[in-house]
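Chain identifiers are assigned alphabetically (A, B, ...) following the order of the sequence lines, protein sequences preceding nucleic acid strands; residue numbering begins at 1 within each chain.
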Amino acid sequence: MLALIDSNNFYVSAERVFQPQLRNKAGCVLSNNDGCAISRSNEAKEMGLRMGTPYFEMREQQQQGLLWWRSSNYTLYQDMMRRITAIVRDTFPDQEIYSIDECYCDITGFKYYDLEQVAVELRKKILQYTGVPVCIGIAATKTLAKVANKIAKKYHRETGVCYLDTEEKINTSLQRTEIDDVWGIGPRYAIQLIKAGVNTAFDFIHLPEDYVLKLMTIQGRRTWRELRGQRCIPMEYEQPDKEGISTGRSFGIMETRLEPMEEALAFYVANAGLKLRAQNSVCAKLFIYVQTSLFAVVENRYSASLKIQIDVPTANTAVLIKAALAGLKQIFVQGYRYQKVGVELYDLRPNSQVQASLFEPADSEKETKMQRALKIIDQLNKNYGKDTIRYAVMGYEKKWIMRQEFLSKKYTTRIEDVIVVKAY
DNA sequence: TCTGGGGTCCTAGGACCC
DNA sequence: TCTGGGGTCCTAGGACCC
């Protein structure tokens with residue numbers, strides 16, 4: 001058996017822990033740049049507020065006091081999740097952290113326990129220790145555990161637990177699960193399936209396997225098999241290295257000038273470079289892009305992108321920034337109101353595998369010095385706060401920075417707490 | 001006027017190899 | 001007139017997840 005522990009309305013719940021005045025009132029957490037709703041309280045859902053509603057469509061309700069909202073505060077959410085997973089690990093040690101608000105546990109070793117009772121206790125404990133409500137779904141496969149979790153959220157509000165241990169319970173749950181609520185079936189496939197008369201997960205598992213394979217490729221077949229109780233998606237206890245690292249943000253206000261866009265891009269490259277070094281990788285290619293708003297009238301729309309090959313794969317932020325800014329000059333066109341600039345580092349490889357360029361003589365000593373310098377910079381920034389040491393092109397004013405007008409405090413983390421003072 | 005960001009996986013087709 | 005077989009690598013596009 002597997003258990004899926006998934007927080008209820010996680011961002012909203014995390015905000016409510018430290019701001020009790022937000023409890024029992026309709027509210028939501030906004031996306032980056034305060035753009036649209038990405039987490040809603042139950043009261044907001046009942047009001048009919050949909051996922052992704054743009055903020056200006058909710059403004060009136062907010063102004064009338066019928067709805068509260070907050071900017072996303074990922075530092076807070078990440079730290080709350082760290083606490084939740086630690087509590088879960090105490091009970092179920094074989095844990096995969098799947099996303100910022102959910103984790104899977106392999107609980108095969110608990111077959112002689114009353115699993116339902118263990119889960120109910122765990123849930124109470126998480127609520128008591130962190131203030132965040134979660135639901136727990138238990139079933140034989142990851143996809144079925146997802147189904148169980150949704151059933152728990154919808155129908156077992158008292159206990160918050162759903163345990164699919166009999167065929168009867170599984171069938172009832174599959175009948176109660178709309179096809180577009182199935183994990184792995186997105187809006188595109190859902191439309192096609194509904195057209196074919198498949199409305200629930202129960203209908204879906206009774207389709208012929210070949211038909212599913214043809215319509216939805218092997219991923220769809222995997223979902224089909226998982227829903228029939230066959231484990232196809234393994235547990236992943238270690239987080240694999242990323243294959244690409246991308247960073248990009250919408251500007252707080254539309255940008256028309258090159259210079260602030262250079263600053264922003266340099267910032268994103270520096271962030272991506274940090275993540276790159278954290279997993280001991282180097283990158284061989286950069287992808288940069290600029291775009292105007294998707295909602296601009298057609299004649300004012302512009303988007304462009306560029307792939308850049310790095311001669312000697314590197315994790316050196318200075319080299320990456322230089323390459324990215326040279327590329328930006330090529331694709332930037334005067335006269336548009338830009339909404340976003342971004343970068344993706346890809347073609348990543350372990351830094352032990354770097355191959356020297358034929359045309360650029362490798363200077364191993366210099367590279368080692370550079371690596372040492374980068375390590376020290378990263379450490380300083382970790383200890384004394386982000387961007388304490390930074391590249392001058394990143395600028396100081398950050399006029400392009402995203403909107404976060406309704407940001408709450410980082411209640412559980414303080415940079416001072418992690419400062420390590422050492423005397424040399 | 002104002003509408004998020006960061007990922008993964010699969011497939012088909014083209015270029016190329018021997 | 002008839003023109004092989006087996007493979008790799010890359011890319012673009014589509015689908016999905018949170």
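- We find that CG of L4(A) is positioned 10 Å from P of dC18(C), with the value rounded to whole Å.
- Residue K146(A) has a polar side-chain atom (N or O) positioned under 4.0 Å from OP1 or OP2 of dC18(C).
- With its ring centre under 5.5 Å from that of the base six-membered ring and a plane angle below 30°, F295(A) counts as stacked on dT3(B).
- The listed nucleotides are dG4(B), dA15(C), dT11(C); the one nearest the side chain of K307(A) is dT11(C).
- The pair K146(A)-E102(A) counts as a salt bridge, with a side-chain nitrogen and a carboxylate oxygen less than 4.0 angstrom apart.
- Separating the CD atom of E344(A) from the P atom of dG5(B) is a distance of 15 Å, rounded to the nearest angstrom.
- The residues E262(A) and K329(A) are annotated as salt-bridged, a charged nitrogen and a carboxylate oxygen being separated by less than 4.0 angstrom.
- In this structure, of dG4(B), dC16(C), dT3(B), it is dG4(B) that holds the atom nearest to the side chain of N32(A).
- When each of R403(A) and T247(A) is assigned the nucleotide of DNA chain B with its nearest heavy atom, R403(A) is the one assigned upstream, toward the 5' end.
- Taking only side-chain nitrogens and oxygens, Q339(A) comes nearer than 4.0 Å to OP1 or OP2 of dG4(B).
- Rounded to a whole Å, the OH atom of Y268(A) is 8 Å from the P atom of dG6(B).
- Screening Q291(A), R403(A), E255(A), Q339(A) against S250(A) for a side chain to side chain donor-acceptor pair (under 3.5 Å) leaves a single residue, Q339(A).
- For Q64(A), the CD atom counts as densely surrounded, since its 6.0 Å shell holds more than 12 non-hydrogen atoms of other residues, nucleotides or ligands.
- Checking dC10(B), dC18(C), dC16(C) against every side-chain atom of T217(A), the shortest atom distance belongs to dC10(B).
- Remark: the T314(A) side chain and the N316(A) side chain contain no N/O donor-acceptor pair separated by less than 3.5 Å.
- What separates CG of L294(A) from P of dC2(B) is a distance of 12 Å, to the nearest Å.
- Rounded to an integer number of Å, the gap from K242(A) NZ to dG5(B) P is 17 Å.
- Of the side-chain N and O atoms in S250(A), one or more sit less than 4.0 angstrom from OP1 or OP2 of dG5(B).
- In this structure, dC18(B) and dG5(C) make a Watson-Crick or G-U wobble pair, each of the two defining distances being under 3.5 angstrom.
- Closest contact between the side chain of E243(A) and the listed nucleotides dG4(B), dG6(B), dT8(B) involves dT8(B).
- Distances shorter than 4.0 Å separate none of the side-chain N or O atoms of R188(A) from OP1 or OP2 on dC17(C).
- Residue K340(A) places at least one side-chain N or O under 4.0 Å from the OP1 or OP2 atom of dG5(B).
- I179(A) places its CD1 atom 11 Å from the P atom of dC16(C), with the value rounded to the nearest Å.
- The listed nucleotides are dC18(C), dG5(B), dC16(C); the one nearest the side chain of S99(A) is dC18(C).
- Checked by atom type, the side-chain pair D34(A)/S71(A) shows a donor-acceptor distance below 3.5 Å.
- Nearest-nucleotide assignment on DNA chain B puts the 5′-proximal partner with R337(A), out of Q219(A) and R337(A).
- Proximity note for P187(A) (side chain, C-beta onward) versus dT11(B), dC16(C), dC2(B): the nearest is dC16(C).
- Within 4.0 Å of V182(A), counting heavy atoms only, lie sugar-phosphate atoms of the nucleic acid but no base atom.
- For K275(A), whose side chain is taken as the heavy atoms from C-beta onward, the closest listed nucleotide among dG4(B), dG7(B), dA15(C) is dG7(B).
- Among dG4(B), dG7(B), dC16(C), the nucleotide with an atom closest to any side-chain atom of S246(A) is dG7(B).
- Nearest to the side chain of R249(A), among dC18(C), dC9(B), dG5(B), sits dG5(B).
- As rounded to whole Å, 15 Å separates atom P of dG5(B) from atom OH of Y77(A).
- Computed from coordinates, the Y104(A) OH to dC17(C) P distance equals 11 Å when rounded to whole Å.
- Under a 3.5 Å cut-off, the side chain of R40(A) and the backbone N or O of A26(A) do not form any donor-acceptor pair.
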